[in-house]
Asks: 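Can you keep this structure in mind? I'll have questions shortly.
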Amino acid sequence: MNIQHSELILNPDGSIYHLNLRPEHIATDIIFVGDQYRVDKVTQHFDSIEFTTQKREFKTTTGTYKGKRLTVISTGIGPDNIDIVLNELDALVNIDLETRQVKENHTQLNITRIGTSGSLQADIPVDSFLLSSHGLDLNGMLLSYQVKDIAHPELEEAFINHTGWSSKKSYPLIVANGKALEDKLMSDKVHKGITATAGGFYGPQGRVLRLGLQDTELNKKIDSFNHSGNRITNLEMETSAIYGLSKLLGHNAASMNALIANRANGTFSEDPGKVVADLILYTLDKLAE
């Protein structure tokens, strides 16, 4: 059955609606960054550039690094943007855009996020790297999909009980990373833990300006959660969405975090730009191995 024009939207040149991309524009190994200006900070290390485009906050560049073909895409901020980017990338490789039919042979993408985050644990310092073992979805975007097969009920129930999670909030879904990418990216330089993904920067992450919080103790409860050695190590706004949609669509995903703040001890990196630059080179070299 053909996918309707209202569901799969293409631009007049045949490119996918938001990303402005056609299938030949992307590699199967993709790096996500949040900031559109960070795309160039990654691709400045490339040996060659074959394509670049931008529409709204979504900037894409494809080229090669040490012989490895890679695509770098800026996603902007938040799980709603990840919903756009991942669904459209999958459509580029797994839907025939001319016939509007799902392809018989599935193409798997490898998606690595390079982002900044704040550590929630005193023993994981600023200026370090962290790979997300799981994404803890606190924002509810993934619940629009059929998520039963990617959930971790025991961990989720333990988190609900530990935090006294409000039934008026979205169910906290926990999704694992792509093991193949974890194996490629891990080393003794990298910490590992659960990354919580909030739907906003202020109240959803426990920050107070003029608005009171539903649960003023939630951050402390998140920090102190430990179930069979599984701790929540950092908090940001994209990882669970990347992990969840990647699992559902049959792709590998891993989230690499440059920890530029430590909320447990109130410290902030003296040179956050260097931490990010170091993580970019570390990740590029690992992907090119």
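The structure displayed is predicted, hence computed values, not measured ones.
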Asks: Lys59 vs Asp40, test: salt bridge (Lys or Arg N to Asp or Glu O under 4.0 Å). Steps then yes/no.
Replies: CA-CA 10 Å; Lys59 180 174 181 176; Asp40 291 344; 3.0 Å; yes
Asks: Suppose we screen for ring-ring contact (aromatic ring centres under 6.0 Å, His included). Which residues come up paired with His106, at least two apart in sequence or across chains?
Replies: His251
Asks: Taking C-beta and beyond as the side chain, do Asp13 and Arg22 meet within less than 4.5 Å on heavy atoms?
Replies: yes
Asks: Between Gln44 and Lys41 (side chain of the first, backbone of the second, donor and acceptor by atom type, cut-off under 3.5 Å), is there such a pair?
Replies: yes
Asks: Of the options Ile9, Ile84, Leu10, which is the one that meets Tyr17 in a side-chain contact (heavy atoms from CB on, under 4.5 Å)?
Replies: Ile9
Asks: So, does Asp35 use its side chain to make a donor-acceptor pair with the main chain of Tyr37 at under 3.5 Å?
Replies: yes
Asks: Parallel under 30°, tilted from 30 to 60°, perpendicular over 60°: which one fits the rings of His152 and His134?
Replies: perpendicular
Asks: Could you give me the CA-CA distance, side-chain angles and deciding distance for Glu50 and His25, then say whether side chain to side chain donor-acceptor pair (under 3.5 Å) is met?
Replies: CA-CA 9 Å; Glu50 66 179 74; His25 293 153; over 6 Å; no
Asks: Between Thr61 and Thr52, does any side-chain donor sit less than 3.5 Å from a side-chain acceptor?
Replies: yes
Asks: Taking Arg113's backbone N and O only, do any of them form a donor-acceptor pair with Ser255's side chain (distance below 3.5 Å, no angle check)?
Replies: no
Asks: If hydrophobic clusters are built from ILVMFWY residues whose side chains come within less than 4.5 Å, do Val275 and Leu259 share one?
Replies: no
Asks: Taking all non-hydrogen atoms of both residues, which atom of Lys286 and which atom of Ser187 are closest, and how far apart?
Replies: NZ-CB, 4.2 Å
Asks: Can you tell me if CZ on Phe51 sees more than 12 non-hydrogen neighbours from other groups inside 6.0 Å?
Replies: yes
Asks: Can you tell whether the side chains of Arg231 and Asp123 come within less than 4.0 Å, N to carboxylate O?
Replies: yes
Asks: Under a plain distance cut-off of 3.5 Å, with no hydrogens placed, do Asn230 and Ser228 share a side-chain donor-acceptor pair?
Replies: no
Asks: Would you mind reporting whether Arg69 and Thr62 have side-chain heavy atoms less than 4.5 Å apart?
Replies: yes
Asks: Does either side chain, that of Asn20 or that of Ser15, offer a donor lying less than 3.5 Å from an acceptor on the other one?
Replies: yes
Asks: Heavy-atom distance under 4.5 Å between the side chains of Ser240 and Val175, does that happen here?
Replies: no
Asks: Any salt bridge between Asp183 and Lys179, counting N to O under 4.0 Å?
Replies: yes
Asks: Is the CD atom of Glu24 crowded by more than 12 outside heavy atoms at less than 6.0 Å?
Replies: yes
Asks: Is there a donor-acceptor pair closer than 3.5 Å between any side-chain N or O of Trp165 and the backbone N or O of Ser170?
Replies: yes
Asks: Does any part of the side chain of Leu97, heavy atoms only, come nearer than 4.5 Å to the side chain of Leu92, both counted from C-beta?
Replies: yes
Asks: Check this for me, if you would: do Asp215 and Lys221 make a salt bridge, where the nitrogen-to-carboxylate-oxygen distance has to be below 4.0 angstrom?
Replies: yes
Asks: Distance alone, cut at 3.5 Å: any donor-acceptor contact between the side chains of Gln121 and His191?
Replies: no
Asks: What closest approach, in Å, do Pro172 and Glu156 show between heavy atoms, and which atom pair accounts for it?
Replies: O-CG, 3.2 Å
Asks: If you compare all heavy atoms of Phe268 against all heavy atoms of Ala261, which two are closest, and at what distance to 0.1 Å?
Replies: CD1-CB, 3.7 Å
Asks: What's the spacing between Asn87 CG and Ile95 CD1 if we round to 0.5 Å?
Replies: 8.5 Å
Asks: Please report the shortest heavy-atom distance between Lys192 and Ser133, naming the atom on each side.
Replies: CG-CB, 3.7 Å
Asks: With sequence neighbours left out, what residues match Thr116 under side-chain hydrogen bond (donor to acceptor under 3.5 Å, both in side chains)?
Replies: none
Asks: Backbone N or O of Gly76 within a donor-acceptor pair of the Ser74 side chain at under 3.5 Å?
Replies: no
Asks: Given side chains that start at C-beta, do those of Ile111 and Ile242 come closer than 4.5 Å, heavy atoms only?
Replies: yes
Asks: Does any part of the side chain of Leu19, heavy atoms only, come nearer than 4.5 Å to the side chain of Val85, both counted from C-beta?
Replies: yes
Asks: Between Asn81 (side chain) and Thr75 (backbone), is there a donor-acceptor pair under 3.5 Å?
Replies: yes
Asks: Check the surroundings of atom CZ in Arg56: do more than 12 heavy atoms from other residues, nucleotides or ligands lie under 6.0 Å from it?
Replies: no
Asks: Please determine, by modelled atom types, if Glu236 and Thr197 share a side-chain donor-acceptor pair under 3.5 angstrom.
Replies: yes
Asks: Applying side-chain hydrogen bond (donor to acceptor under 3.5 Å, both in side chains), name anything that partners Asp149, two or more places apart in sequence or on another chain.
Replies: none
Asks: For Lys68, is there an ion pair with Glu289 - N to carboxylate O distance below 4.0 angstrom?
Replies: no
Asks: Do Leu89 and Ile73 have side-chain heavy atoms sitting under 4.5 Å apart?
Replies: yes
Asks: In Å, rounded to the nearest 0.5 Å, how long is the span from CG of Asn2 to OG1 of Thr99?
Replies: 6.5 Å
Asks: Is it true that a side-chain atom of Ser119 and a backbone atom of Pro125 form a donor plus acceptor pair closer than 3.5 Å?
Replies: no
Asks: Is it true that atom NZ of Lys220 has more than 12 heavy atoms of other residues, nucleotides or ligands lying nearer than 6.0 Å?
Replies: no
Asks: Can you tell me if Ile77 has over 12 outside heavy atoms packed within less than 6.0 Å of its CD1?
Replies: no
Asks: Within the distance-only criterion (no hydrogens, no angle test), does the side chain of Asn177 pair as donor or acceptor with the backbone N or O of Ser132 below 3.5 angstrom?
Replies: yes
Asks: Is a donor on one side and an acceptor on the other found under 3.5 Å between the side chain of Asp90 and the backbone of Leu86?
Replies: no
Asks: Side-chain contact, heavy-atom cut-off 4.5 Å: Ile174 with Asp137?
Replies: no
Asks: What are the two closest non-hydrogen atoms of Lys66 and Ala288, and how far apart are they?
Replies: CB-CB, 4.1 Å
Asks: Would you find a donor on one side and an acceptor on the other, under 3.5 Å apart, between the side chain of Asn257 and the backbone of Leu130?
Replies: yes
Asks: Using the six-membered ring wherever Trp is involved, compare the ring planes of Phe46 and Tyr65 and label them parallel, tilted or perpendicular (cut-offs 30° and 60°).
Replies: tilted
Asks: Hey, is Asp223 close enough to Arg263 for a salt bridge, meaning N to O under 4.0 Å?
Replies: no
Asks: Between Gln214 and Lys169, does the side chain to side chain donor-acceptor pair (under 3.5 Å) criterion hold? Intermediate values first, please.
Replies: CA-CA 10 Å; Gln214 178 270 327; Lys169 291 183 176 180; 2.8 Å; yes
Asks: Count the heavy atoms belonging to other residues, nucleotides or ligands that lie under 6.0 Å from CD of Gln4, then report whether that count exceeds 12.
Replies: no
Asks: Does the plane of the ring in Tyr282 sit parallel, tilted or perpendicular to the ring in Phe129? Use 30° and 60° as the thresholds.
Replies: tilted
Asks: When you look at Asn234 and Thr195, which way does the side chain to side chain donor-acceptor pair (under 3.5 Å) test go after all the steps?
Replies: CA-CA 5 Å; Asn234 61 315; Thr195 296; 2.7 Å; yes
